[in-house]
Amino acid sequence: MFSFFTTLKALFHSPRPSSRPLSRADRAARGVGRPHAPAAPKRAASQHLLDAARQRPDALLRAYNSSTQGLNSAQIPALRRRHGENRLTRSRREPLPLRLLRAFLNPFSVVLLLLAAISFITDYLLAAAGEKDLTAVLIVGGMVLISGTLRFVQEARSGDAVARLESLVNTTIDVLRDGRGGERPISELVPGDVVRLAAGDMIPADLRILEAKDLFISQSSLTGESEPVEKFAGLPDASPDAPASPPQSPLDCADLAFMGSNVVSGSALALVLAVGNATLFGSLARQIADTTTRTSFDKGVSAVSWLLIRFMACMVPIVFFINGFTKGDWVEAALFALSVAVGLTPEMLPTVVSANLVRGAAFMARKKVIVRRLDAIQNLGAMDVLCTDKTGTLTRDKIILEYSLDVHGNEDERVLRHAFLNSWFQTGLKNLLDVAIVDHADDLDMLTLRRDYVKVDEIPFDFGRRRMSVVVADHLGKTRMITKGALEEMLAVCAWAEYHGQVEPLTPKLREEILARTRRYNADGLRVLGVARKTLPDGGRSFSVADEADMVLMGYLAFLDPPKESAAQAVAALRDYGVRVKVLTGDNDAVTRSICRQVGLPAERVLLGADLADMDDERLRQEVERVDIFAKLSPQQKARIVACLRGNGHVTGFMGDGINDAAAMRTADVGISVDTAVDVARESAGVILLEKDLTVLEAGVIEGRRTYANIIKYIKMTVSSNFGNMFSVLAASVFLPFLPMTPLQILVLNLIYDLSCTTIPWDNVDEEFLHQPRTWDAGSISSFMLWLGPTSSIFDLLTFVLMYRLICPAVLGGPWHSLDPAGQAAFAALFQAGWFVESLWSQTLVVHMIRTPKLPFVESRAAWQLTLLTSLGIAVGTVIPFTSLGRGLDMAALPVGYFPWLGGMILGYMLLTTVVKRAYIRRYGQLL
């Protein structure tokens, strides 16, 4: 992302001497711009925007065959065919051939394909006419085909599932067509469309502003500058001494807005100039390589892959030289060494990982949790701190207007009437308080008021002022400004107070009386807004924030947003699952403290935004560990708190739905939003809830941990058992006069085991495991392999002794060295069949031993799918030596006397594994 900002600045942007929002005065002082760096390579997109910025709105609308009423529906099909959908090419799904290639080409598949190629050369091309055999090639090819096909299918299902889920959460914009406005998906926009913008909207395309009211847009995604920039319908008049040179960069044009930015405050009417790849953002995106941040999950899987490859790189040469020198057949030694590499390879790792993530996403969708990025599942499970807003999450999201009071706390309907006019006529970001006011006025039959007034102007809400104003005129032409907002901010702009129709000075004593009464309401969980008015002498001019002064405070409104019945239970449940809930809100501290106390959050200490302003990062990192409630925060302060929590080592989630939450959501490990959130908040999220409730999020956290558990379970059990088997092969290669298992037998053994593991994504997970946050720890895999791997090797070596010294001599009438070549071949076939069966039993049963720290089959049972497939795998593997397939694999039928020994071996192996497993847990604190 840094490179993206740097390139944009170098190509399109001149440095600015200040990072504060650019006001009208700032723009005027600078004129229309300064000379810039050389034009971008995609000059056409830049020049097209510059030309549009310099045209008069009416001429520009004619050029696009449009009007302030928008396009007509008959124009849309031709424009869409010409310009395409409003999407960036780079965000589209990869083509089918590339997805197929990626599914079949990974480090493990390359090892298998190399083995297949060598086997094809030695067993077919170089073999004598009567000895040509493609069995090994077919088996290895089958393993690659099965693994690659399963991975391709799972990833295809994953992509389809994510696409279907994301289709439930469409980003829309208010578009004028045929003279009527309505929400449409941004993908349907075409050049010439006219859109209406309000606070919280994402800019859906490159736009020319036609009308604007206090419009501030954040261009941080394009320029990296954190402060919003004010936009206008036309360039402001330059001062006489301002430079007259025209802007050379579109980013310096005050009447342009660009895809990739978002509206912070204000409202506007704008013309779509360019869509999709033709936008400024799209033209640059094609030039800059995508740099995807690797998550801890990606790093963990990669670390496992390269750990196994390093083991293979060490063991393959050792096995090759030992077998070459002891057996004298270097071709067979090479093939066997590569078989050892296959034995260490978890061929189904990509498939199992993909299947786990897809299953997790599908399950979470049923629980009303949409996963937009699959790796967010693991981050959700690893989360140990959840930062959340208060409204709608802890509260019912249904605000009720309880009281409309004058400055002395008496019921006053005039206060409500003025508040209704303010809420009804505003076109900016309407919130639940506005809805509550309008609903309450409707109950009192006040809606007729709207016919007695006309709207003259509006000063939209922003998060700095924390208030908004409308200017209305009655039928007599009397013009007044009506303002409502947070009480402290309202008192700052009021010099007078109204009581019983009389206007009197707003004295310090009266201010303190109002604040004291407000604190009492806040302590009861009520939120208070002030309402003020001002008579204006001229209704024909444009009004600004500067007019919000010397106002008359009429009174205040008290709202109740009661806590959800499920909130306390959800907070307690998340605490039980190791997730600490912290509330980050822009609301005042008294209301927040009251709500938090009711839902079971510690409310003794509250940090305010003003407190944070005086803290350095080191002090704040200490405070965020002690405090759970933060109130009266700005969007930047929310993001700063999240960054400090992450800096302290916490995996942090942020749940929000407003534009003021977007920065914190991007800073968090996992951003969580809801389907009703503003566009920029939804686009910042990795997880979207279809219901704004912590109970729904709890289900997502549990599924995230379940998904991680089954992935790490497969990796640890496969790595340890494969390492044990190959360690046994290495030891046997030194002492046995023949191979303990042929390359082809190793391949079949691996194939049966891997197919048995394909149902691990559906396995049960112990409840105790789900109660703690789980972060990826690749380092624990090697220690697990070194502890549990040699356990199976002990019983492999006992099997070697049993077969070599007891069973094979008993069946064939003598030890190896006393037999003729045919007898020795039969001896080797019987020995290999014995170890094949024992190895399959131990390797498959270890799935049940290692999947839980509890006693398997008794205290913890696997899912029926896993039990069924592992049992089937054992049955098939045990029968193979007695079939023609077994004979084709050079295995002999085992005697009945072998199976009691096998039962004793497996029982001993399970007991020893239990002992070692518990010792490992005592040493490292956990098994998985």
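Any value given below was found using the heavy atoms of this structure, including those in side chains, with hydrogens, waters and symmetry copies removed.
Distance CG/Leu50 to SG/Cys253: 5.0 Å, rounded to 0.5 Å. In this structure, Phe232 CZ and Leu256 CG are separated by 13.0 Å, a value rounded to the nearest 0.5 Å. For the atom pair CG of Asn86 and CD1 of Ile173, the computed distance is 10.5 Å after rounding to the nearest 0.5 Å. Between the CG atom of Leu189 and the CD1 atom of Ile76 there is a distance of 9.0 Å, given to the nearest 0.5 Å. Considering CZ of Phe654 and CG of Leu386, their distance stands at 9.0 Å, rounded to 0.5 Å. Separating the CG atom in Asp389 from the NZ atom in Lys638 is a distance of 4.5 Å, to the nearest 0.5 Å.
Checked by atom type and distance alone, the side chain of Lys455 pairs as donor or acceptor with a backbone atom of Phe425 at under 3.5 Å. Lys231 places no side-chain N or O within donor-acceptor distance of the main-chain N or O of Ala257, the cut-off being under 3.5 Å. The closest donor-acceptor contact from the side chain of Asp51 to the backbone of Arg54 lies at 3.5 Å or more, if one exists at all.
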- Please test Val195 against Asp201 for side chain to side chain contact (heavy atoms under 4.5 Å, CB included), starting from the C-alpha separation and ending with a verdict. CA-CA 11 Å; Val195 299; Asp201 284 341; over 6 Å; no

- Verify side chain to side chain contact (heavy atoms under 4.5 Å, CB included) between Ile203 and Val263, making sure each step is shown before the conclusion. CA-CA 7 Å; Ile203 302 299; Val263 181; 3.8 Å; yes

- Task: Dump the intermediate steps for side chain to side chain contact (heavy atoms under 4.5 Å, CB included) on Leu79 and Leu71, then the final yes or no.
- Result: CA-CA 10 Å; Leu79 287 168; Leu71 298 170; 3.7 Å; yes

- Query: Going through the checks in order, is the side chain to side chain contact (heavy atoms under 4.5 Å, CB included) test met by Thr388 and Leu584?
  - Reply: CA-CA 6 Å; Thr388 179; Leu584 278 59; over 6 Å; no

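With sequence neighbours left out, the salt bridge (charged side-chain N to carboxylate O under 4.0 Å, His left out) criterion links Arg646 to Asp669. Leu176 is linked by a side-chain contact (heavy atoms from CB on, under 4.5 Å) to Val194, Arg196, Leu269, counting only residues two or more places apart in sequence or in another chain. Every residue meeting the side-chain contact (heavy atoms from CB on, under 4.5 Å) condition with Gln69, not counting sequence neighbours, appears here in chain and number order: Ser67. Here Ala274 pairs with Asp206, Ala278, Thr279 under the side-chain contact (heavy atoms from CB on, under 4.5 Å) rule; sequence neighbours left out. Applying the salt bridge (charged side-chain N to carboxylate O under 4.0 Å, His left out) test to Asp193 and every residue at least two apart in sequence or in another chain returns Arg177. In this view, Ala52 and Leu60, Leu273 satisfy the side-chain contact (heavy atoms from CB on, under 4.5 Å) rule, not counting sequence neighbours. Under the rule for a salt bridge (charged side-chain N to carboxylate O under 4.0 Å, His left out), the partners of Arg56 that lie at least two apart in sequence or sit in another chain are Asp58. Evaluation of the side-chain hydrogen bond (donor to acceptor under 3.5 Å, both in side chains) rule for Asn65 yields no partner, not counting sequence neighbours.
When all heavy atoms of Ala268 and Leu215 are compared, the pair lying nearest together is CB-CD2, 3.6 Å. The nearest pair of heavy atoms linking Asp174 to Gly182 is OD1-N, 3.1 Å. Residues Asp434 and Ser423 share a closest heavy-atom pair of OD1-OG, 2.8 Å. Nearest heavy atoms, Ala74 versus Pro77: O-CD, 3.6 Å. Between Leu197 and Pro204, the closest heavy-atom pair is CD2-CD, 4.5 Å. Of all heavy-atom pairs spanning Val651 and Ala382, the tightest one is CB-O, 3.4 Å.
Looking only at side-chain heavy atoms (C-beta outward), Val701 and Met383 come within less than 4.5 Å of each other. At a threshold of 4.5 Å between non-hydrogen side-chain atoms, the residues Met655 and Met665 do not count as touching. You'll find the side chain of Thr652 stays beyond 4.5 Å of the side chain of Val670, heavy atoms only. At a threshold of 4.5 Å between non-hydrogen side-chain atoms, the residues Leu61 and Thr68 count as touching.
The side-chain hydrogen bond (donor to acceptor under 3.5 Å, both in side chains) contacts involving residues 178-191 comprise Ser73-Asp178, Thr172-Glu183, where partners must be two or more places apart or lie in separate chains.
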